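To keep things clear, I will list the structure first and then write my remarks on it.
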Amino acid sequence: MVEPNLLHAPILEWYADNARDLPWRASDATPWGVLVSEIMLQQTPVIRVLPIWADWMRRWPTPKALAAEPPGEAVRHWGRLGYPRRALRLHACAQAITDDHGGEVPDDHATLLALPGIGEYTAAAVASFAFGGRHAVLDTNVRRVFARAVRAEEYPPTSTSAVERRLAEALLPALGAARWGVAVMELGALVCTARAPRCADCPISGVCAWRLAGKPPHTGPARKGQTYAGTDRQCRGRLLAVLREAHGPVPKAALDVVWDDAVQRERALDGLIADGLAEVLPDDTYRLPQS
DNA sequence: TATCCGTGGAG
DNA sequence: TCTCCAAGGAT
């Protein structure tokens, strides 16, 4: 295995010179701001999160402020970030923080993990980045960097394995784990990218196992591509966009016009309602959830 | 564990 | 154009 010290110094120095100036990394960022950013960044590029996050934090600077609003307002201001269930869960998360934690974002990993919308990665990220805790932060970037640098694989496994977790924990420095975590993430996001890694700019190219092995391409089953056109997801997106942009309840006809296939449309609408992303009123009009 | 859950930019 | 995939989570 690679000596941790061969990785630590070069990556930390690289980060010092190349870190992006992101608002949730600013010295005045609150734990709530960090938490909001982490939820928004799930499966979503930084560039698209930036404006939504700024608006969100201006509107709801604290968990309590968000918890005081109907969940539909969270969904509305989520805009076109994607995966709007995250907005619902972030709202539920704000309510739980308000009701069960005195309005303060918990600093403890296990407590964070129990909150809606927060899984293993996000709990580690918030505990680490907002509170300086020592946790292995295993996102897609970190997993890819370690897969390449240490295991000589182009891509990490489909799902996070115990082997990866042990490796990440073994590489955790005694001090400054939070900075280390964000530095590796940043390296994966900017240099050790999925598609066309910029090895010429990489601070650990000299010790990277994958590069030293001649950058062998990924072997094994092709990773599942996500089709989108014509799916229920696309249909749900269309329907929800109508509700988001409306100021009050909309008649069903307003939903019918955005998707031709009636069977699929009904299924998608039922799904939105079941997920709590939409409500039906007795007069058969539809709106974002008020409760 | 495999599948579902949005959206849009890059190559 | 079309494919890939981006700071995952819940079931």
Side-chain angles (χ1 to χ4, degrees), chain A residues 19-20 22-25 29 33-53 75 78-90 92-93 112-130 135-145 154-162 164 168 178 181-190 192-198 218 221-244 258-259 267-268 270-272 274-278:
Chain A
R20 287 169 293 182
L22 304 175
W24 46 84
R25 289 180 186 162
V34 172
L35 191 159
V36 170
S37 79
E38 291 300 340
I39 302 286
M40 289 184 172
L41 286 162
Q42 291 167 2
Q43 300 285 284
T44 309
V46 166
I47 187 64
R48 291 177 44 211
V49 167
L50 249 12
I52 305 291
W53 183 88
V75 175
W78 195 255
R80 305 188 66 81
L81 256 196
Y83 292 145
R85 292 193 293 193
R86 291 183 294 166
L88 227 39
R89 293 186 181 128
L90 182 50
C93 188
L112 286 162
L113 191 57
L115 293 171
I118 297 190
E120 179 58 41
Y121 161 76
T122 304
V126 173
S128 181
F129 304 151
H135 302 277
V137 176
L138 269 182
D139 80 322
T140 188
N141 291 303
V142 173
R143 297 181 61 222
R144 188 174 55 249
V145 169
E154 184 178 21
Y155 297 118
T158 307
S159 56
T160 305
S161 66
E164 287 181 272
V182 75
V184 179
M185 283 178 64
E186 193 77 334
L187 184 66
L190 299 182
C192 193
T193 54
R195 203 84 65 92
R198 302 161 55 181
H218 176 73
R223 305 188 310 168
K224 273 192 95 94
Q226 323 164 337
T227 52
Y228 183 62
T231 61
D232 284 11
R233 285 154 85 168
Q234 184 183 33
C235 183
R236 286 166 57 109
R238 293 261 188 93
L239 296 172
L240 196 59
V242 172
L243 302 185
R244 264 200 323 262
V258 300
W259 198 264
R267 182 172 67 232
D270 287 345
L272 288 173
D275 288 348
L277 284 164

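This is a predicted model, so every value here is computed, not measured. Letters A, B, ... mirror the listed sequences (proteins, then strands); counts begin at 1.
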With sugar-phosphate meaning primed atoms plus P, OP1 and OP2, does A/T158 contact a base, only sugar-phosphate, or nothing at under 4.0 Å between heavy atoms?
nothing
Specify the separation, in whole Å, of atom CD of A/E38 and atom C1' of C/dA6.
13 Å
Hey, does A/S37 reach any base, or is it just sugar-phosphate, or nothing, if we go heavy atoms under 4.0 Å?
nothing
Using a 4.0 Å heavy-atom cut-off across all strands, classify A/W78 as base, sugar-phosphate, or nothing.
nothing
Proximity to the side chain of A/R89 - top-ranked nucleotide from C/dA7, C/dA10, C/dG8
C/dA10
Identified side chain to side chain donor-acceptor pair (under 3.5 Å) counterpart of A/Y83 within the set A/Q42, A/R233, A/Q43
A/R233
Classify the nucleic acid contact of A/A194 as base, sugar-phosphate or nothing, counting any heavy atom under 4.0 Å across all strands shown.
sugar-phosphate
If we take the P atom in both C/dG9 and B/dG8, what is their distance in whole Å?
23 Å
If we take the P atom in both C/dA7 and B/dC5, what is their distance in whole Å?
22 Å
Less than 4.5 Å apart, side chain to side chain, heavy atoms only: is that true for A/W78 and A/R244?
no
Provide, to the nearest angstrom, the distance between the CG atom belonging to A/L50 and the P atom belonging to C/dA7.
14 Å
Measure CG/A/L138 against P/C/dG8 and give the value in whole Å, please.
11 Å
Over how many whole Å does the gap from A/R143 atom CZ to C/dA6 atom C1' extend?
14 Å
For A/L35, does its backbone N or O pair with a side-chain atom of A/E38 as donor and acceptor, under 3.5 Å?
no
Contact under 4.0 Å: A/T122 side-chain N or O vs C/dA7 OP1/OP2
no
Find the distance A/L90:CG to C/dG8:P and express it as a whole number of Å.
16 Å
So which heavy atom on A/A168 is nearest to which on A/A136, and how close?
CB-CB, 3.8 Å
Looking at every strand, decide which applies to A/L22 at a 4.0 Å heavy-atom threshold: base, sugar-phosphate, or nothing.
base
Just checking A/F129: base, sugar-phosphate only, or nothing, at a heavy-atom cut-off of under 4.0 Å?
nothing
Is the closest side-chain heavy-atom distance between A/L112 and A/T122 below 4.5 Å?
no
A/E186 with A/R25: basic N within carboxylate O range, under 4.0 Å:
yes
Distance in angstrom units between A/L112 CG and C/dG9 P, rounded
12 Å
Less than 4.5 Å apart, side chain to side chain, heavy atoms only: is that true for A/N141 and A/C192?
no
Base contacts versus sugar-phosphate-only contacts with protein, heavy atoms under 4.0 Å: please encode nucleotides 4-11 of chain B as B, S and - from 5' to 3'.
BBBBSB-S
Any base atoms under 4.0 Å from A/R25, or only sugar-phosphate, or nothing? Heavy atoms, all strands.
base
